[in-house]
Amino acid sequence: MGGNSTSLNVEFNKKNSFNLAKFLIITCLSFIALNIIIALILYDKIVLEGIAVVIIILIGALNAFYIPVKYTFDEHSHYIRNYNLAEGNFIYNFDEEENYPCGLSHLLLYSNWIYNNYEDYVNYVAYENQYSVNDTEVTINNTPQVVYTPLPYICGGIGIKVAQILNLSMLRSVQLAKFANVLFFALIAFLSVRLVPKKKLLFLFYFTMPINIFFAASLGTDYFINALLGLSIALIYKVKCEQRRMSLKMYFLIICILCLIACGKSTYAPVLLLLGLFNKDELPVKISNRVNYISAIVMMFVMFVATYLYGSRYGIALWNLEGVDSATQIRYLLHHPLNGIKVFVNFTFESYKTNIIYKYQKFAYLSDEVKYLGIIEIVGLFVMSLISSEYKKIRITNAGRMFTFLSILGCYGLSVIALYVTFTKIGSNTVCGFQGRYCLPMAFIVYAYIGLHDGIILNDKFRRIPYVLCFVLVFITILMYVQLFKNYVI
C-alpha cells in the first residue's frame with residue numbers, strides 16, 4: 001500500500017474492522033484457552049465430545065461470520081454450487097442460464113482474496129448488503145466445482161435456503177452457508193469422539209485443529225471429507241478395540257461412509273482400502289477375508305470411475321485452460337507411462353516442502369507467513385497418536401498394513417494424477433495446482449494407524465501430559481502469530 005499502509009492499519013484498528021492477523025491470534029487464543037480448561041478445570045469430569053463441539057462451534061462461528069468473503073478457498077465457485085443446491089438443482093451444467101443473486105457478480109471481482117484499502121472493504125460490504133439473496137438476475141456462472149458431486153454442498157445449500165426464507169442479504173447467505181458446514185462438522189466430531197474407544201485425544205486434537213475448523217467454515221468440500229474420514233476411522237477403532245465380530249449393519253455403515261468420502265472427491269476413493277484393516281475374526285459371519293479384500297478393491301474402482309464419469313459428463317472436458325486437454329494428457333500418460341512415473345516421483349521429492357509442509361496449513365492463503373504451523377500440528381498429532389492411557393493389544397495383519405499403505409499412496413497418487421491431467425499443460429515435467437491441504441486426510445490415516453498401536457502407556461500420574469503438550473504446541477503457534485501480527489499490514 002506504499003506510504004498509506006500505517007495509517008490504513010490504524011484506521012482498521014480504530015473501527016474494529018477485519019484484520020486478518022488479529023483474527024488468527026483470536027482463533028489461536030480461543031483454541032489454547034479451551035484446551036487449558038480441558039486440562040486444568042474439567043479433567044476429572046471431562047466429556048471430550050462436548051468439548052469438541054464447543055471448540056468447533058465457537059471458533060467456527062468466528063471463521064464463518066468474522067472473516068470477510070473471499071478470504072477462503074474458491075469462494076465464488078463453491079457458492080455457485082451451494083446456491084444451485086438451495087434452488088433444488090442437484091445436477092449443474094456448464095453454460096446454463098440460471099437465476100443468481102445480484103451480488104454474485106460483484107463477489108467474483110474480489111477473486112484475488114484481498115481488499116485494496118479500508119474504504120474498499122466498507123464499500124464491498126455495503127454493496128452486498130443492499131441486495132437480498134432473493135433479488136436475482138438471469139446470468140451464466142460457470143465453476144470448476146461442477147465436477148464435484150452435490151453431496152458436500154448440501155449443508156451449505158441449507159444455509160442459503162435459510163437466508164432465502166428469512167430474506168437476508170447476499171452477504172448473510174454466504175455466512176450462513178459457512179456456518180451450516182460448521183454445524184455438520186461439529187456433529188460428526190461429536191459422534192466420532194464419543195464412539196472411539198481409544199486415543200480420544202487424537203481425535204479431539206484432529207477435529208479442533210484451527211486449520212480443520214477453518215476448512216469447516218468455508219464453502220468447499222474439505223470439511224465434508226475430513227469429517228467423514230474421522231468418523232469412519234473412529235468406527236474402525238471401535239471394531240478393532242472390541243475384538244469381536246461386528247454386525248453386518250456396522251460393516252455396511254463403514255462402507256457407506258467411506259463411499260461418501262469418495263463421492264465428495266474421487267481422488268479419495270482409495271480410503272475404501274481401509275476395510276483391509278479388519279481381521280477375519282472381526283468381519284461379519286458371512287464375510288470372509290477374501291470377500292472383504294476383493295470388495296474393497298472393486299468398490300474403490302467403482303466409486304472412482306463413477307465419480308470421475310460424473311465430472312467428465314458435467315464439466316472436466318469443458319474446462320477452458322490454456323494448453324490443457326484432459327483427453328490428450330491421458331493419452332500421453334498411456335503412451336509414455338515411464339515419463340508419467342518420473343514426473344510423479346520428481347514432483348513428490350522436489351516439491352515436498354512447498355506442497356506438503358509449508359502449504360500444509362493455509363489460513364486465507366497466507367502460506368508463506370504461517371508455513372511452520374503445519375509442522376507444529378503434525379508434531380501435535382504424532383504425539384497424540386503415540387500416547388495411550390491404557391494397554392489394549394490390537395492385532396493388525398500384514399495384509400492390513402499393506403492395505404493401509406496402499407490407501408495413503410492411492411489417495412496421494414490420484415490427487416497428483418488428477419491435477420496433472422486437468423490442470424497441467426500437455427507433456428509438462430511438473431504438476432500444477434497441487435495444494436498441501438489435500439494431504440491432510442492422508443496424514444490423519446497415518447496418525448490413526450500409529451494410534452492403533454499402544455505406543456507410550458501413561459499411568460495416572462502422567463495422564464495430564466497430553467494436555468500439557470497441547471498447551472505447549474498451541475502456545476508456540478500463538479507466538480508465531482504474534483510475530484505475524486507485528487509484520488502484517490492490511
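The figures that follow rest on heavy atoms only: side chains count, while hydrogens, waters and symmetry mates do not.
The shortest side-chain heavy-atom distance between F214 and M209 does not fall under the 4.5 Å cut-off. Two residues are said to be in side-chain contact when any heavy atoms from C-beta on lie closer than 4.5 Å; V271 and P441 fail this criterion. Here the side chains of L85 and I160 are not in contact, with every heavy-atom distance at 4.5 Å or above. You'll find the side chain of L440 stays beyond 4.5 Å of the side chain of I225, heavy atoms only. Counting only heavy atoms from C-beta outward, the side chains of I287 and L248 approach each other to under 4.5 Å. The shortest side-chain heavy-atom distance between R245 and P284 does not fall under the 4.5 Å cut-off. Using a 4.5 Å heavy-atom threshold, the side chains of Y449 and I408 count as separate. L235 has its side chain within reach of M250: a pair of non-hydrogen atoms, C-beta onward, lies under 4.5 Å apart.
Side-chain polar atoms of Q175 and K178 form no donor-acceptor pair below 3.5 angstrom.
Here CG of L419 is found 8.0 Å from OG1 of T267. Values are rounded to the nearest 0.5 Å. To the nearest 0.5 Å, atoms CG (D222) and OH (Y438) are separated by 8.0 Å. In this structure, CG on L409 lies 12.5 Å from OG1 on T404, to the nearest 0.5 angstrom. How far OG of S415 is from NZ of K265: 7.0 Å, rounded to the nearest 0.5 Å. To the nearest 0.5 Å, atoms NZ (K198) and NZ (K240) are separated by 10.5 Å. Note that CD1 of I56 and CG of N63 are 11.5 Å apart. Values are rounded to the nearest 0.5 Å.
For L176 against L168, the heavy-atom pair with the smallest separation is CD1-CD1, 3.6 Å. Summarising the geometry of K200 relative to V193, their closest heavy-atom pair is NZ-O, 2.5 Å, with the distance given to 0.1 Å. In terms of heavy-atom proximity, A448 sits nearest to L202 at CA-CD2, 4.3 Å. Residues I188 and A227 come closest through the heavy atom pair CG2-O, 3.2 Å. Nearest approach of Y223 to C155, heavy atoms of both residues: OH-CB, 3.6 Å. Residues L277 and E282 share a closest heavy-atom pair of O-OE1, 4.1 Å.
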side-chain hydrogen bond (donor to acceptor under 3.5 Å, both in side chains) evaluation trace for Y79 with S173: CA-CA 9 Å; Y79 182 86; S173 72; 2.8 Å; yes
Any chance you could lay out the side chain to side chain contact (heavy atoms under 4.5 Å, CB included) test for Y251 and L283, step after step, and finish with the verdict? CA-CA 8 Å; Y251 183 68; L283 292 167; 3.9 Å; yes
### Task
Verify side chain to side chain contact (heavy atoms under 4.5 Å, CB included) between F185 and F215, making sure each step is shown before the conclusion.
CA-CA 10 Å; F185 192 76; F215 289 153; over 6 Å; no
inquiry  = Would T221 and Y153 count as a side chain to side chain contact (heavy atoms under 4.5 Å, CB included) here? Give the steps.
reply    = CA-CA 7 Å; T221 61; Y153 297 101; 3.5 Å; yes
Verdict with reasoning, L151 to I154, per side chain to side chain contact (heavy atoms under 4.5 Å, CB included)
CA-CA 6 Å; L151 290 174; I154 291 175; 4.0 Å; yes
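Screening Y206, F444, F207 against N212 for a side-chain contact (heavy atoms from CB on, under 4.5 Å) leaves a single residue, Y206.
Not one N or O on the side chain of N181 forms a donor-acceptor pair closer than 3.5 Å with the backbone of A217. The backbone N or O of P270 lies less than 3.5 Å from a partner atom in the side chain of S407, making a donor-acceptor pair. When atom types are taken as modelled, the side chain of N292 and the backbone of L275 share a donor-acceptor pair closer than 3.5 angstrom. K238 contributes no side-chain N or O that, together with a main-chain N or O of P197, makes up a donor-acceptor pair within less than 3.5 Å.
A 6.0 Å sphere centred on CZ of F65 holds more than 12 heavy atoms belonging to other residues, nucleotides or ligands.
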